[in-house]
Amino acid sequence: MHYKYEKNVLTVTNDQGEYVGELDYPAIPDYDNRYAIERVFVASTYRGTGVASDLVKTFVEHAKEEGWVLKLMCPYAVAQFKRHPEYQRVLLPEDRFPTTFTESTTTP
């Protein structure tokens, strides 16, 4: 799979260059380095193969590297963040879900 960041969209294609899915992340107006995960979409032929979870994971890693803060608007992203508490460090503290995190692991 190949990931490509374009303006507010992370797109994934297969080895033949065919569209597989995307994660949409519009900027939040009036805030620097804040983005919403608005939608995670995977083509029907790739659903159930782990592509959607890989999109979220790849995007979270990118957000950490860029120092971004994320807001979750997509139900699938919410579910992934609940399954992977380590992702929550890119959320504002008031947007995080109850976990066993310690303060040393919550800094973006």
Side-chain angles (χ1 to χ4, degrees):
M1 296 292 174
H2 304 280
Y3 295 89
K4 181 178 181 182
Y5 289 91
E6 300 176 294
K7 185 168 175 65
N8 301 98
V9 178
L10 169 59
T11 303
V12 61
T13 56
N14 64 18
D15 290 337
Q16 290 74 40
E18 299 167 331
Y19 176 85
V20 173
E22 66 185 43
L23 182 150
D24 298 340
Y25 61 99
I28 297 175
D30 302 322
Y31 292 96
D32 290 334
N33 295 321
R34 288 195 189 175
Y35 296 85
I37 297 180
E38 186 174 70
R39 179 177 82 122
V40 177
F41 175 80
V42 175
S44 60
T45 55
Y46 289 93
R47 291 185 186 151
T49 64
V51 171
S53 62
D54 287 346
L55 272 165
V56 173
K57 179 181 179 181
T58 299
F59 184 68
V60 167
E61 290 170 0
H62 182 73
K64 286 179 195 174
E65 290 171 8
E66 295 293 326
W68 293 351
V69 175
L70 304 179
K71 182 81 172 167
L72 304 177
M73 306 302 291
C74 169
Y76 181 81
V78 169
Q80 286 298 301
F81 273 68
K82 286 180 178 179
R83 281 190 198 109
H84 300 277
E86 68 274 17
Y87 294 175
Q88 294 191 44
R89 64 188 69 173
V90 296
L91 302 176
L92 290 173
E94 59 267 24
D95 290 341
R96 295 176 185 156
F97 305 101
T99 67
T100 57
F101 262 4
T102 61
E103 277 302 308
S104 64
T105 62
T106 59
T107 306

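The analysis underlying the following values was restricted to heavy atoms, covering all of them including side chains, and did not include hydrogens, waters or symmetry mates. Everything quoted here is computed from the prediction, not taken from an experiment.
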Colleague: Ignoring hydrogens, what is the shortest heavy-atom contact between M73 and E38? Give both atom names and the distance.
Modeller: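 Heavy atoms only, the tightest pair is CB-CA, 4.0 Å.
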Colleague: Test side chain to side chain contact (heavy atoms under 4.5 Å, CB included) on V60 and F81 and set out the steps.
Modeller: CA-CA 10 Å; V60 167; F81 273 68; 3.6 Å; yes
Colleague: Evaluate the side chain to side chain contact (heavy atoms under 4.5 Å, CB included) criterion for residues V42 and Y76: first the C-alpha distance (whole Å), next the side-chain angles of each, then the deciding distance (0.1 Å), finally the verdict.
Modeller: CA-CA 11 Å; V42 175; Y76 181 81; over 6 Å; no
Colleague: Y3 versus L10: any side-chain heavy-atom pair under 4.5 Å?
Modeller: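 Yes, side chains in contact.
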Colleague: Going hydrophobic residue to hydrophobic residue with side-chain gaps under 4.5 angstrom, can you get from F97 over to L70?
Modeller: yes
Colleague: To check you understand the geometry: which heavy-atom pair defines the closest contact between R89 and R96, and what is its length?
Modeller: O-NH2, 3.5 Å
Colleague: Checking side chain to side chain contact (heavy atoms under 4.5 Å, CB included) for the pair F41/R47: CA distance, chi angles, key distance, verdict?
Modeller: CA-CA 9 Å; F41 175 80; R47 291 185 186 151; 3.1 Å; yes
Colleague: Using every non-hydrogen atom in the two residues, find where Y87 and Q80 come nearest and quote the distance to one decimal.
Modeller: CD1-O, 4.0 Å
Colleague: Yes or no on side chain to side chain contact (heavy atoms under 4.5 Å, CB included) for W68 and V90, after CA distance, side-chain angles and deciding distance?
Modeller: CA-CA 7 Å; W68 293 351; V90 296; over 6 Å; no
Colleague: Distance check, rounded to the nearest 0.5 Å: T11 atom OG1 versus H2 atom NE2?
Modeller: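 Rounded to the nearest 0.5 Å, the OG1-NE2 separation comes to 13.5 Å.
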Colleague: Roughly how far, to the nearest 0.5 Å, is the NZ atom of K4 from the OG1 atom of T13?
Modeller: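 Those atoms lie 9.0 Å apart.
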Colleague: Out of curiosity, does Y19 fall in the hydrophobic cluster containing M1 (side-chain heavy atoms, cut-off under 4.5 Å, transitive links)?
Modeller: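 In one cluster: no.
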Colleague: Heavy-atom distance under 4.5 Å between the side chains of N14 and Y46, does that happen here?
Modeller: yes
Colleague: Give every donor-acceptor pair under 3.5 Å between a side-chain atom in residues 24-37 and any protein atom, sequence neighbours left out.
Modeller:
residue	atom	partner	partner atom	Å
D24	OD2	R39	NE	2.9
D24	OD2	R39	NH2	3.4
Y25	OH	E6	O	3.4

Colleague: Extract all donor-acceptor atom pairs below 3.5 Å that involve side chains of residues 50-59 and protein atoms in other chains or at least two apart in sequence.
Modeller:
residue	atom	partner	partner atom	Å
S53	OG	G50	O	3.0
T58	OG1	D54	O	2.8

